[in-house]
J.: 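To start, I am sharing the structure in question, which I have written as structure tokens.
Quick note: numbers below take in every heavy atom, side chains included, and nothing from hydrogens, waters or symmetry partners. Worth saying up front: this structure is predicted, and the values here are computed from it rather than measured.
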Amino acid sequence: MSIDGPEERQPVIRPIGASQPVDSGGFIVNTCAADLIREPWSRLVSHLRVQCLEELGPSLHSLQLRGSVPRGIAVEGISDLDVFCITNGRHPQGSVWIDRMERSVEVMYPFCRGLDLRVWPLRDLVELPSGHPARFLLKTQGLCIWGPDVAADWPLVPIDHAQIALKALPVALERMRMAMARRSPADDALMVARCRWLAKKVVRAGFELVAPLERAYTRDLHPCWQGFARHHRALTTPMEEVLLLAIRPTARTSSLTKIIEVGEQVLLESRNNRELL
């Protein structure tokens, strides 16, 4: 793949995903439930639970799912499985064990796009500030499938505090600028991955900008784009282009620049909103 190769056929945007509602007090409602984990995902979840128990034994504190699977909207061949593995201490094998788990899921459960398994020592997790992304995700989108629910007693999250992508966006844009400045043709595969990563963040940040107006929250890309477009008509098409790059990323300089430009527009709108308050 070259840095600025020929254009590919435009991907189709499928209306996948859903928003989480906000209750009468303005707090995000966690819509995850055990009975929403359906086949074939339930087999994968059972396998994962057994493997984590065998690997970690008494050091395993609890397991939490998040994302589309515990919300009952996972799509075969598209969705991945997001897991928080909370431990009573640090696991000595670290990433070796995680890599082994990810490879086994890829072979045994090909309908799953990938396993995103994150290990958090309990002490580190509970000492994080309340607005940390890990705490936000567990409280608003987590489902405990084994052990004590660490997030059960955490405070509810108001919709106007849902800004994890928006707050991370300035650093993400700067990281992409730096990567582009020192790139070489040998970096193309890495730039494709960075393209997908940044495009997702920009689309999600765009929705967080309007989430209080929508009275809903989501990290699913299609409803993020739809919600943003309802309030920022002039940026509907540019944000759609970013969404398409999240679906089919590229290493093209022009595409990476487009994502940065739209991200800057989102930050500008965010600053304008704060000045109006």
J.: Checking side-chain contact (heavy atoms from CB on, under 4.5 Å) between E261 and each of E264, Q265, K258, which is the one that passes?
T.: K258
J.: With ILVMFWY side chains joined below 4.5 Å, transitively, what does L156's cluster contain besides itself?
T.: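 So far as hydrophobic clustering goes, L156 is joined with F27.
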J.: Show me the donor-acceptor pairs within less than 3.5 Å that the side chains of residues 164-175 make with the rest of the protein, sequence neighbours left out.
T.:
unit_1, atom_1, unit_2, atom_2, d
E174, OE1, R177, NH1, 3.1

J.: Between the main-chain N or O of S184 and the side-chain N or O of D187, is there a donor-acceptor pair closer than 3.5 Å?
T.: yes
J.: Side chains of K200 and R219, heavy atoms from C-beta outward: is any pair under 4.5 Å?
T.: no
J.: Sequence neighbours excluded, which residues qualify as ring pair (Phe, Tyr, Trp, His ring centres under 6.0 Å) partners of H231?
T.: none
J.: Measuring only between side-chain heavy atoms, which start at C-beta, is Y217 closer than 4.5 Å to V157?
T.: no
J.: First locate atom CD of Q163, then atom CD of E208, and finally report the distance between them rounded to the nearest 0.5 Å.
T.: 7.0 Å
J.: Return yes when atom CZ of R123 has more than 12 non-hydrogen atoms of other residues, nucleotides or ligands closer than 6.0 Å, and no otherwise.
T.: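 Count not over threshold, so no.
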J.: Hey, does V75 have a side-chain heavy atom less than 4.5 Å from the side chain of S68?
T.: no
J.: side-chain hydrogen bond (donor to acceptor under 3.5 Å, both in side chains) with E127: which residues, sequence neighbours excluded?
T.: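 E127 satisfies side-chain hydrogen bond (donor to acceptor under 3.5 Å, both in side chains) with no residue once adjacent residues are dropped.
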J.: Take the angle between the ring planes of Y109 and H47 and call it parallel below 30°, perpendicular above 60°, tilted in between.
T.: tilted
J.: Using modelled atom types and a 3.5 Å cut-off, is there a donor and acceptor pairing between side-chain atoms of R66 and backbone atoms of Q141?
T.: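 Checked: no pair found.
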J.: Would you list the pairs meeting salt bridge (Lys or Arg N to Asp or Glu O under 4.0 Å) in which at least one residue belongs to residues 69-83, sequence neighbours left out?
T.: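 Applying salt bridge (Lys or Arg N to Asp or Glu O under 4.0 Å) to every pair that reaches into residues 69-83, excluding sequence neighbours, yields R71-D220.
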J.: What residues, two or more places apart in sequence or in another chain, satisfy side-chain contact (heavy atoms from CB on, under 4.5 Å) together with S46?
T.: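 Expected list: R49.
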J.: Name all pairs fulfilling the salt bridge (Lys or Arg N to Asp or Glu O under 4.0 Å) condition that reach into residues 104-115, sequence neighbours left out, sorted by first residue then second.
T.: none
J.: Same hydrophobic cluster for L60 and L122, using side-chain heavy-atom links shorter than 4.5 Å among ILVMFWY?
T.: no
J.: Please list all pairs meeting salt bridge (Lys or Arg N to Asp or Glu O under 4.0 Å) that have one or both residues in residues 226-238, counting only residues at least two apart or in different chains.
T.: E214-R230
J.: What pairs of residues pass the salt bridge (Lys or Arg N to Asp or Glu O under 4.0 Å) test when at least one of them lies in residues 133-152, not counting sequence neighbours?
T.: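 Qualifying pairs: none.
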J.: Rounded to the nearest 0.5 Å, what separation is found between the CE atom of M176 and the CG atom of L256?
T.: 5.0 Å
J.: For H61, give me all partners under ring pair (Phe, Tyr, Trp, His ring centres under 6.0 Å), at least two apart in sequence or on another chain.
T.: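 Ring pair (Phe, Tyr, Trp, His ring centres under 6.0 Å) list for H61, sorted by chain: empty.
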J.: Identify, with sequence neighbours excluded, every residue that meets side-chain hydrogen bond (donor to acceptor under 3.5 Å, both in side chains) alongside S42.
T.: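 Expected list: E39.
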J.: Using 0.5 Å steps for rounding, measure from the CD atom of Q64 to the CG atom of L137.
T.: 11.0 Å
J.: Any side-chain heavy atom of L268 within less than 4.5 Å of one from R271?
T.: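 Side-chain contact under 4.5 Å: yes.
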J.: Rounded to the nearest 0.5 Å, how far apart are CG of L117 and CD1 of I98?
T.: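 Output value for this atom pair is 5.5 Å.
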J.: Is a side-chain donor or acceptor of T218 paired with a backbone partner of A18 at a separation under 3.5 angstrom?
T.: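 Yes: the side chain of T218 pairs with the backbone of A18.
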J.: Working to the nearest 0.5 Å, report the span between CD1 of I16 and CD1 of I78.
T.: 3.5 Å
J.: Just verifying a value: how many Å separate S19 OG and F207 CZ, rounded to the nearest 0.5 Å?
T.: 4.5 Å
J.: Applying the 4.5 Å side-chain criterion to the ILVMFWY set and letting contacts propagate, would L198 and M180 be lumped into a single cluster?
T.: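 Yes, same cluster.
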J.: Report the residues that fulfil ring pair (Phe, Tyr, Trp, His ring centres under 6.0 Å) with W41, sequence neighbours left out, ordered by chain and then residue number.
T.: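 By the ring pair (Phe, Tyr, Trp, His ring centres under 6.0 Å) rule, W41 matches F111.
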J.: Begin from the C-alpha positions of V150 and F84 and carry the test side chain to side chain contact (heavy atoms under 4.5 Å, CB included) through to its verdict.
T.: CA-CA 11 Å; V150 68; F84 275 74; over 6 Å; no
J.: Donor-acceptor pair, E55 side chain versus W97 backbone, under 3.5 Å?
T.: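 No, the answer is negative, given that no donor and acceptor are paired below the 3.5 Å cut-off.
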